Amino acid sequence: MDVQARRKVLRLFPYGLYVVTVRYESQINGFTANWVTQCSFEPPMVAIAVEDQSRSLVMLHQSGVFAVNVLASGQRELAGLFSRSSRKAPDKMAGIAHRVGVTGVPILEEALGYVECRVVTNCPAGDHTLFVGEVVEAGVLREGTALTLQEAGFRYGG
Ligand SMILES: Cc1cc2nc3c(=O)[nH]c(=O)nc-3n(C[C@H](O)[C@H](O)[C@H](O)COP(=O)(O)O)c2cc1C
């Protein structure tokens, strides 16, 4: 395989940019993600790919719930904040306005909207784990245009 071509083509994939939020008991956390997609209409389902080294992965395995918060155009800084590892930034949610969703996960007040999901299955996928969640709650917080990976100028793919 032409590795340069593989990288280039995979980086041409257009993506949105989200904060996936998680909770386990009294701990709350969130991480920036672009490997997020709806994957079923009925029931409505969303798939996310989660880094094997992340703290969020452990919390997801323990709790089986997550929310996908849709960031707005202009929220690059917020995406940058949530892309920091919990090892270096153990309390990323500090100072972040949020409410508690029906599943118990934090919902970012600054997001355009969110879906809350209960994990129905997961499977290892190389250095990530795929989680498929059924959407059990959703909310529109305000109108606006969603942030994209391209607008933010970040790179996560290849
Ligand atoms: C632009 C961008 C997109 C990212 N997309 C994902 C993703 O789809 N899945 C993932 O697990 N991590 C993704 N990350 C990395 C996580 O945000 C990062 O590993 C985070 O530190 C994990 O946090 P945690 O240790 O608190 O769980 C992305 C990072 C950036 C900068």
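Remember, it's 1-based here, ligands and their atoms both numbered in the order they're listed. Owing to the predicted nature of the structure, the values given are computational and were not obtained by experimental measurement.
Listed by number with element, the atoms of ligand 1 under 4.0 Å from a non-hydrogen atom of Val50 are 11 (O). Listed by number with element, the atoms of ligand 1 under 4.0 angstrom from any heavy atom of Phe154 are 1 (C). Under a 4.0 Å criterion applied to the non-hydrogen atoms of Ala49, ligand 1 contributes the atoms 7 (C), 8 (O), 9 (N), 10 (C), 11 (O). For ligand 1, the atoms lying closer than 4.0 Å to a non-hydrogen atom of Phe82 are 17 (O). Against a heavy-atom cut-off of under 4.0 Å, Leu149 is close to the following atoms of ligand 1: 1 (C). The ligand atoms of ligand 1 that sit less than 4.0 angstrom from a heavy atom of Asn29 are 24 (P), 26 (O), 27 (O). Using a 4.0 Å cut-off to heavy atoms of Ser86, the atoms of ligand 1 that qualify are 24 (P), 25 (O), 26 (O). Ligand 1 places these atoms under 4.0 Å from at least one heavy atom of Ser85: 21 (O).
Of the protein's non-hydrogen atoms, Glu51 N, 2.7 Å is the one closest to atom 11 (O) of ligand 1. Protein heavy atom closest to atom 31 (C) of ligand 1, with residue, atom name and distance, is Ser83 CB, 3.5 Å. Of the protein's heavy atoms, Thr32 O, 3.6 Å lies nearest to atom 16 (C) of ligand 1. Closest to atom 3 (C) of ligand 1, if we only count protein heavy atoms, is Asn34 OD1, 3.1 Å. Residue, atom and distance of the protein heavy atom nearest to atom 27 (O) of ligand 1 are Ser56 OG, 2.5 Å.
Between the choices Tyr156, Phe31, Tyr15, Tyr18, the shortest heavy-atom distance to atom 29 (C) of ligand 1 belongs to Tyr156. Of the options His128, Arg84, Met93, the smallest heavy-atom separation from atom 21 (O) of ligand 1 is shown by Arg84.
Between the side chain of Asn69 and the main chain of Leu108, a donor-acceptor pair closer than 3.5 Å is present.
Among Asp2, Val9, Val3, the single residue meeting the side chain to side chain contact (heavy atoms under 4.5 Å, CB included) criterion with Arg6 is Val3.
Residues Thr103 and Glu116 come closest through the heavy atom pair OG1-OE1, 2.5 Å. The shortest heavy-atom contact between Leu130 and Ala49 is CD2-CB, 3.9 Å. Contact detail for Pro43 and Glu134: the closest heavy-atom pair is CB-OE2, 3.5 Å. What you find for Arg23 and Pro106 is that their closest heavy atoms are CB-CD, 4.4 Å. Nearest heavy-atom pair across Glu109 and Arg99 is OE1-NH2, 2.8 Å.
Atom CD of Gln53 is surrounded by 12 or fewer heavy atoms from other residues, nucleotides or ligands within 6.0 Å.
Under 4.0 Å from ligand 1, not a single heavy atom of Leu57 appears. Contacts between Gln53 and ligand 1, counted as non-hydrogen atom pairs separated by less than 4.0 Å, are absent for every part of the residue. Contacts with ligand 1 closer than 4.0 Å are made by no heavy atom of Val20, backbone or side chain. Contact annotation: for Ala79 versus ligand 1, there are no heavy atoms closer than 4.0 Å.
Here Val70 sits in one hydrophobic cluster together with Tyr18, Val20, Val22, Tyr24, Phe31, Val36, Val46, Ile48, Val50, Leu57, Met59, Leu60, Phe66, Val68, Leu112, Val115, Val119, Phe131, Val135; the rule is ILVMFWY side chains under 4.5 Å apart, joined directly or through other members.
Taking the six-membered ring for Trp and thresholds of 30 and 60 degrees, His128 and Trp35 have ring planes inclined between 30 and 60 degrees apart.
By the criterion of side-chain heavy atoms lying less than 4.5 angstrom apart, applied directly or through intervening Ile, Leu, Val, Met, Phe, Trp or Tyr residues, Tyr15 is grouped together with Leu17 in one hydrophobic cluster.
Defined by atom type and a distance below 3.5 Å, a donor-acceptor pair is present between the side-chain atoms of Ser73 and Glu151. In this structure, a donor-acceptor pair under 3.5 Å is absent between the side chains of Thr129 and Asn122.
At least one heavy atom of Lys92 sits closer than 4.0 Å to an atom of ligand 1.
Backbone and side-chain nitrogen or oxygen atoms of Trp35 are examined, and one is located within less than 3.5 angstrom of a nitrogen or oxygen of ligand 1.
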